[in-house]
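These values consider heavy atoms only, across backbone and side chains, with no hydrogens, waters or symmetry-generated copies.
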Amino acid sequence: MIRNFVAAALAGAVLQAGALRAQESRNAGFMLGLHAVPMGLDGVGEDRFEEQGMGLGLTLGYGFNDRIALYGTVDGGYIDYEPGNPAAVGEDYESMTVDLGARMSFGNEFRRMRPFINAAISAVMTSEEDPNEGGIVTTSGGGLTVGGGLQYFYRPRWALLLAAQATTGAFTESDSEDQTILFREGVPYSHYRAQLGVTWHP
């Protein structure tokens, strides 16, 4: 009788502790994130240059379970012009990066700290004013992104985000008001971003 009572009490304590621990993080279902984006854009090869800027980003995603999620991110901002960049024609220019990818998180719902890695197909676009002919010149191309970071769940549905992304690819075309120029070989670039923000898992 005493043994049964003790066993039942221990089982109840374990179940209660498990229920409390389950509230540490919720990583499945929809997610919405807003983050600041320190960023850089570097030329590769003969036309090498290094430029830095700052922007904001938005992430929408869906976690199929506690570990695997698909997401889309849009990061946009301004990058300071570096005189060694043969493609830039102004003092600064706009940059926008769109990622469509997958994320794998580590740990489990019993933990507040949830590291993750991700990979994505990306599109990178820059826009700047042409001082010679007027109008806006938009240069665009594709790339592949790999990255990682962590979420810290200070509440089960709210997490602080710290992540880094690295994109490599090539610009393939330039559009202005009166013409489109296709780059036969592409203009290679490397693009890196830090993401500092908050994520909501409703």
Q: Nearest 0.5 Å please: distance from the CG atom of Leu58 over to the CG atom of Asp75.
A: 9.0 Å
Q: Could you tell me whether Asp66 and Arg111 have a side-chain N and a carboxylate O separated by less than 4.0 Å?
A: no
Q. So which heavy atom on Ala102 is nearest to which on Leu70, and how close?
A. CB-CD2, 3.8 Å
Q | Close side-chain approach of Thr59 and His35, heavy atoms under 4.5 Å | A | yes
Q) Mind checking whether Leu34 and Thr199 have side chains closer than 4.5 Å, heavy atoms only? A) no
Q. Would a hydrophobic clustering, with Ile, Leu, Val, Met, Phe, Trp and Tyr connected at side-chain separations under 4.5 Å, put Ile117 with Met31?
A. no
Q) Are side-chain heavy atoms of Met96 and Val74 found at a separation under 4.5 Å? A) yes
Q) What is the distance from atom CD1 of Ile181 to atom CD of Glu173, rounded to the nearest 0.5 Å? A) 10.5 Å
Q. Do Val37 and Tyr189 sit in the same hydrophobic cluster, where Ile, Leu, Val, Met, Phe, Trp and Tyr count as joined when their side-chain heavy atoms come under 4.5 Å apart?
A. yes
Q) From Phe116 CZ over to Asn27 CG, what is the distance, rounded to the nearest 0.5 angstrom? A) 9.5 Å
Q) So, do Glu128 and Glu94 sit near enough that their side-chain heavy atoms are less than 4.5 Å apart? A) no
(Q) Do Tyr152 and Leu161 make a side-chain contact, defined as non-hydrogen atoms from C-beta onward lying under 4.5 Å apart? (A) no
Q.
Determine whether a donor-acceptor pair (N or O, by modelled atom type, separation under 3.5 Å) exists between the side chain of Arg193 and the backbone of Thr97.
A. no
Q: Would you sort out whether Ser190 and Thr168 count as a side-chain hydrogen bond (donor to acceptor under 3.5 Å, both in side chains), showing the intermediate values?
A: CA-CA 5 Å; Ser190 61; Thr168 58; over 6 Å; no
Q. Counting only N and O atoms by type, is there a donor-acceptor contact under 3.5 Å from the side chain of Arg103 to the main-chain atoms of Ala69?
A. no
Q) Do Leu60 and Phe64 sit in the same hydrophobic cluster, where Ile, Leu, Val, Met, Phe, Trp and Tyr count as joined when their side-chain heavy atoms come under 4.5 Å apart? A) no
**Q.** Check against side-chain contact (heavy atoms from CB on, under 4.5 Å), Gln52 and Met39
**A.** CA-CA 6 Å; Gln52 292 81 41; Met39 67 177 73; over 6 Å; no
Q) Between CG of Leu160 and CZ of Arg112, what distance do you get to the nearest 0.5 Å? A) 11.0 Å
Q) Between Trp200 and Trp158, how do the two ring planes meet: parallel, tilted or perpendicular, split at 30° and 60°? A) parallel
Q. How far apart are the closest heavy atoms of Arg67 and Gly107, and which atoms are they?
A. NH2-O, 3.0 Å
(Q) Please determine whether side-chain contact (heavy atoms from CB on, under 4.5 Å) holds for the pair Tyr93 and Val137, giving the CA-CA distance in whole Å, both sets of side-chain angles, and the decisive distance to 0.1 Å. (A) CA-CA 10 Å; Tyr93 55 94; Val137 178; over 6 Å; no
Q) Does CD1 in Ile121 sit with more than 12 non-hydrogen atoms of other residues, nucleotides or ligands closer than 6.0 Å? A) no
Q: Measure the spacing between OH of Tyr78 and CG of Asp92 and express it to the nearest 0.5 Å.
A: 7.5 Å
Q.
A quick test of your reading: do over 12 heavy atoms of other residues, nucleotides or ligands sit less than 6.0 Å from OH of Tyr154?
A. yes
(Q) Tell me the closest heavy-atom pair linking Arg114 and Ser105, and the distance in Å. (A) NH2-CB, 4.0 Å
Q. Same cluster for Val98 and Leu144 if Ile/Leu/Val/Met/Phe/Trp/Tyr side chains link at under 4.5 Å?
A. no
Q | Residue pair Arg157 / Ser25, side-chain donor-acceptor N/O under 3.5 Å | A | no
(Q) Using the ring pair (Phe, Tyr, Trp, His ring centres under 6.0 Å) definition, which of the options Phe30, Phe153, Tyr62 pairs with His201? (A) Phe153
Q: Check whether the side chains of Asp175 and Thr180 place a donor and an acceptor atom closer than 3.5 Å, and report yes or no.
A: yes
Q.
Pair Asn108, Glu24 - check side-chain hydrogen bond (donor to acceptor under 3.5 Å, both in side chains), show working.
A. CA-CA 9 Å; Asn108 52 51; Glu24 295 294 338; over 6 Å; no
Q) Does any donor atom in the side chain of Ser95 or Thr126 lie under 3.5 Å from an acceptor atom in the other side chain? A) no
**Q.** Polar contact flag, side-chain donor to acceptor under 3.5 angstrom, Ser127-Thr138
**A.** yes
Q | OG1 on Thr145 to CG on Leu100, rounded to 0.5 Å | A | 10.0 Å
Q | Met104 atom CE, neighbour heavy-atom count above 12 within 6.0 Å | A | no
Q: Take atom CZ of Phe106 as the centre, draw a 6.0 Å sphere, and report whether it contains more than 12 heavy atoms from other residues, nucleotides or ligands.
A: yes
Q: Assess the side chains of Asn118 and Tyr71: does a donor N or O sit below 3.5 Å from an acceptor N or O?
A: yes
